[in-house]
Undergrad: 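Mind having a look at this structure? Questions to follow.
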Amino acid sequence: MASTYKRDNKGSYYVSWTDHDGKRRTKCTNTTDRAAANRIGHKLEAEAALKREGVIDPVQDMIHRESQRPISEHLEDFRTKLKASDVTEKHRKTTLRLINDICQFAGFEKAAEIHPDGVNRFTAHQMEKGLASATINSQLTAIKAFTKWLDENQKLSRDPLKSIRKPNPNKKRSFYRRILLPDEWKHLKATVSNSPPRYNMEGEFRILLYELAIKTGLRTEEIRSLRIVHLFLDEPRPFVICEGKSTKSGKEARQYIDDPLASQLRQHIHAKDLESPVFDLPHSSNMARMLREDVVDAREQWMADPTIQPEELHRRRDSDFLLAIDERGKPANNKMGERLDFHCLRHTCGAWLAMTGAHPKEIQEVMRHHSITLTMDRYGHLIPGREADAVNRLGQVMDSSLYLQETTDNPRAADSNVQRQAQRLQSETLLLGATECETEDLAGERKKKPKSLPNGDLGDAV
């Protein structure tokens, strides 16, 4: 039976009752009226009896109660879940902020009120503001992760945003990232190496930072997390390590570097202790600015070369060589502008690997892409001669004069050639060269009766 009481002489009444599992429960009724508290107690006792008899499904009842809780309370639980997932503090704050922004715009106050229509209105509003599809995708990713978590943890009966589709990130882009060309890198290195400090970084340190980013493909925050203890520069094959808490995938990354870069890094860190950062980087918002300003200086020096002729100067002025932000094609033919930011150095790493003829699987490993499809979509078009080489190999099989000669003069030799080709391609070994008579002999052997064993008594040797 339910009982009602006060824990002290003032305040609300508490009610105690036995739930459907036979456990004694206590709850504050939030009322100072004893009669109202008694009614609440009887209601809870009646619901427990219905659950015990199977009239009310306890799971569905729990889901209903959870769905009526404020979203702010669920976000606190979701914050704990993200923290337990070992994501970065920046990712955690950004995700919760994006979810809160969408819920406030759509007017969602309880979990049960989350609906695709409100999210679609938010998406349409963001598109009208001119936001890029990639930005909208990140917002939808956050809210969809939240509703999926609500569904999986029995706080909603289903995921209400399962039908929401993200816009194509390539359909509407505010800009395209460009890569640094090898010739551009030479001019940039020559300019920055002897330049004055910028954002509290000496020129020689900035160019070393850029070189490390290109040769390893490390992201900005991954480089920021590097400590001296993470550099293994005296190994036969030098490498750097990024801990899993700093990488996008959450997995430790080992990136190999060449000996010249290892030598430069060794000189750079010789007076630092093991826990010191490799680079004293500026704020994240200034990383792209720092690179673009260095590129602008490099272009100005390239344009100010006193040895070039007027025609060459005019050609350089019209080119996009060392252009940090290229907006020229945008208004004319609706082509997105191209610009440099610090992440472009990672993009440059993958592009240069492809241009050197590296195997796609090697590029995938260096770039740490989760699938080879992503690698091929980004850099497949830069791998030189892929299609031409494949067609040439096909032609060697189809049009080989040696193969045609063997086919004409000696059919059995041609069969042997086909067999060798099949084995070379690791296909099933072909059984060629057998004649009809040999087949009959094999069949005759199978028809022979097996020899019978002589009978013997137990214990006799047979």
Side-chain angles (χ1 to χ4, degrees), residues 90 130-132 134-135 173-226 246 257 260-261 264-265 267-269 276-308 312-331 335-352:
K90 179 181 178 181
L131 266 68
T135 303
R173 302 183 63 171
S174 57
F175 68 92
Y176 285 98
R177 285 191 175 98
R178 55 162 296 191
I179 68 170
L180 274 178
L181 300 176
D183 285 343
E184 290 178 316
W185 168 252
K186 295 176 183 178
H187 286 277
L188 178 66
K189 185 174 183 178
T191 302
V192 176
S193 297
N194 301 313
S195 65
R198 174 165 281 153
Y199 296 97
N200 296 322
M201 284 193 73
E202 297 289 342
E204 58 179 324
F205 299 154
R206 297 201 306 274
I207 204 64
L208 180 60
L209 166 67
Y210 301 156
E211 185 169 349
L212 176 68
I214 292 176
K215 289 187 174 180
T216 61
L218 292 175
R219 301 175 177 88
T220 306
E221 296 308 314
E222 293 171 344
I223 296 177
R224 190 182 299 276
S225 70
L226 287 180
S246 305
I257 59 177
L261 178 57
Q264 295 179 61
L265 287 172
Q267 296 176 12
H268 173 64
I269 66 172
S276 298
V278 177
F279 295 102
D280 295 323
L281 298 180
H283 189 271
S284 299
S285 60
N286 289 326
M287 294 291 285
R289 295 189 183 100
M290 181 173 67
L291 174 61
R292 280 198 286 265
E293 290 173 15
D294 282 338
V295 170
V296 168
D297 288 349
R299 179 177 171 87
E300 288 179 355
Q301 286 203 15
W302 178 65
M303 295 286 296
D305 185 353
T307 63
I308 60 175
E312 174 64 14
L313 178 62
H314 182 73
R315 186 192 67 80
R316 290 189 179 189
R317 187 179 295 111
D318 291 339
S319 74
D320 58 1
F321 189 80
L322 283 172
L323 203 61
I325 301 177
D326 182 9
E327 300 281 359
R328 294 174 303 171
K330 194 171 181 178
K335 176 185 175 183
M336 296 297 101
E338 292 185 344
R339 65 177 62 188
L340 280 171
D341 57 19
F342 198 85
H343 196 77
C344 289
L345 302 181
R346 171 177 166 82
H347 188 39
T348 300
C349 173
W352 285 12

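Reckoned from all heavy atoms, side chains included, excluding hydrogens, waters and symmetry mates.
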Undergrad: Quick one, W185 and I207 - any side-chain contact, counting heavy atoms below 4.5 Å?
TA: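 They are in side-chain contact.
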Undergrad: Take V192 and R198 through the side-chain contact (heavy atoms from CB on, under 4.5 Å) test and state the conclusion after the steps.
TA: CA-CA 10 Å; V192 176; R198 174 165 281 153; over 6 Å; no
Undergrad: Would you check, one step at a time, whether the test side-chain contact (heavy atoms from CB on, under 4.5 Å) holds for R315 with F321?
TA: CA-CA 10 Å; R315 186 192 67 80; F321 189 80; over 6 Å; no
Undergrad: Applying side-chain contact (heavy atoms from CB on, under 4.5 Å) to I269 and F279, what does each step give before you reach the verdict?
TA: CA-CA 9 Å; I269 66 172; F279 295 102; over 6 Å; no
Undergrad: Rounded at 0.5 Å granularity, tell me how far CG in L291 sits from CG in N286.
TA: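 Reported to 0.5 Å precision, the distance equals 12.5 Å.
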Undergrad: Looking at OG of S285 and OH of Y199, how far apart are the two atoms once the value is rounded to the nearest 0.5 Å?
TA: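 These two atoms lie 8.5 Å from each other.
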Undergrad: Quick check: closest heavy atoms across L188 and A298, and the distance to 0.1 Å?
TA: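 Minimum heavy-atom separation between L188 and A298: CA-CB, 4.0 Å.
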Undergrad: Taking C-beta and beyond as the side chain, do M201 and D280 meet within less than 4.5 Å on heavy atoms?
TA: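 Answer no - side chains too far apart.
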Undergrad: Pick from L261, I179, L209, L345: which one makes a side chain to side chain contact (heavy atoms under 4.5 Å, CB included) with I214?
TA: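 Of all the options given, the one that passes is L345.
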Undergrad: Spell out, as yes or no, whether a donor-acceptor pair under 3.5 Å connects the side chain of R292 to the backbone of R339.
TA: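 A pair under 3.5 Å: no.
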Undergrad: Can a donor-acceptor pair be found between the side chains of H187 and D183 at a distance below 3.5 Å?
TA: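 Per modelled atom types, H187 and D183 side chains form no pair under 3.5 Å.
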Undergrad: So which atom in L322 and which in E184 form the shortest heavy-atom distance, rounded to 0.1 Å?
TA: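 Scanning both residues, the minimum pair turns out to be N-OE2, 2.6 Å.
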Undergrad: Output the distance between atom CD (Q264) and atom CG (L212), rounded to the nearest 0.5 Å.
TA: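 Here the interatomic distance stands at 10.0 Å.
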Undergrad: Do the side chain of T348 and the main chain of L180 share a donor and acceptor less than 3.5 angstrom apart?
TA: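 Side chain of T348 to backbone of L180, a donor-acceptor pair under 3.5 Å: yes, one is there.
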Undergrad: Is the closest side-chain heavy-atom distance between S284 and R224 below 4.5 Å?
TA: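 SC-SC contact between S284 and R224 confirmed.
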Undergrad: NZ/K215 to CH2/W352 distance, rounded to the nearest 0.5 angstrom?
TA: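 If we round to the nearest 0.5 Å, K215:NZ and W352:CH2 are 9.0 Å apart.
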Undergrad: Report the residues that fulfil salt bridge (Lys or Arg N to Asp or Glu O under 4.0 Å) with E202, sequence neighbours left out, ordered by chain and then residue number.
TA: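 Not a single residue meets the salt bridge (Lys or Arg N to Asp or Glu O under 4.0 Å) criterion with E202.
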Undergrad: Which atom pair, heavy atoms only, marks the closest approach of R178 to L323?
TA: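 Closest approach of R178 to L323: NH1-O, 2.7 Å.
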Undergrad: Test of understanding: with salt bridge (Lys or Arg N to Asp or Glu O under 4.0 Å), list the residues that count as partners of R346, not counting sequence neighbours.
TA: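 R346 satisfies salt bridge (Lys or Arg N to Asp or Glu O under 4.0 Å) with no other residue.
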Undergrad: Which residues satisfy the side chain to side chain donor-acceptor pair (under 3.5 Å) test with S193, sequence neighbours excluded?
TA: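 Here no residue qualifies.
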Undergrad: Do T216 and E222 have side chains that get closer than 4.5 Å, going by heavy atoms?
TA: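 Contact flag for T216/E222 side chains = no.
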Undergrad: Residues two or more places apart in sequence or in another chain: which of them pass side chain to side chain donor-acceptor pair (under 3.5 Å) with E204?
TA: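 Expected list: none.
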Undergrad: For the side chain of R177 and the backbone of D341, is there at least one donor-acceptor N/O pair under 3.5 Å apart?
TA: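 Not confirmed, R177 side chain does not pair with D341 backbone.
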Undergrad: Run the side chain to side chain donor-acceptor pair (under 3.5 Å) test against N200 and tell me which residues pass, sequence neighbours left out.
TA: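 Checked N200 against side chain to side chain donor-acceptor pair (under 3.5 Å); zero matches.
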Undergrad: A side-chain contact here means heavy atoms from C-beta on lying under 4.5 Å apart; do R289 and P282 qualify?
TA: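 No - every pair of side-chain heavy atoms lies 4.5 Å or more apart.
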Undergrad: Residues two or more places apart in sequence or in another chain: which of them pass side chain to side chain donor-acceptor pair (under 3.5 Å) with R299?
TA: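 For R299 there are no side chain to side chain donor-acceptor pair (under 3.5 Å) partners, ignoring immediate neighbours.
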Undergrad: Does the side chain of Q301 come within less than 4.5 Å of D297's, by heavy atoms?
TA: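 The answer is no; the side chains never approach within 4.5 Å.
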Undergrad: Working to the nearest 0.5 Å, report the span between NE2 of H283 and CE of M290.
TA: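 If we round to the nearest 0.5 Å, H283:NE2 and M290:CE are 13.5 Å apart.
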Undergrad: If you measure from CZ on R316 to CD1 on I308, what distance do you get to the nearest 0.5 Å?
TA: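 Atom-to-atom, R316:CZ and I308:CD1 are 4.5 Å apart.
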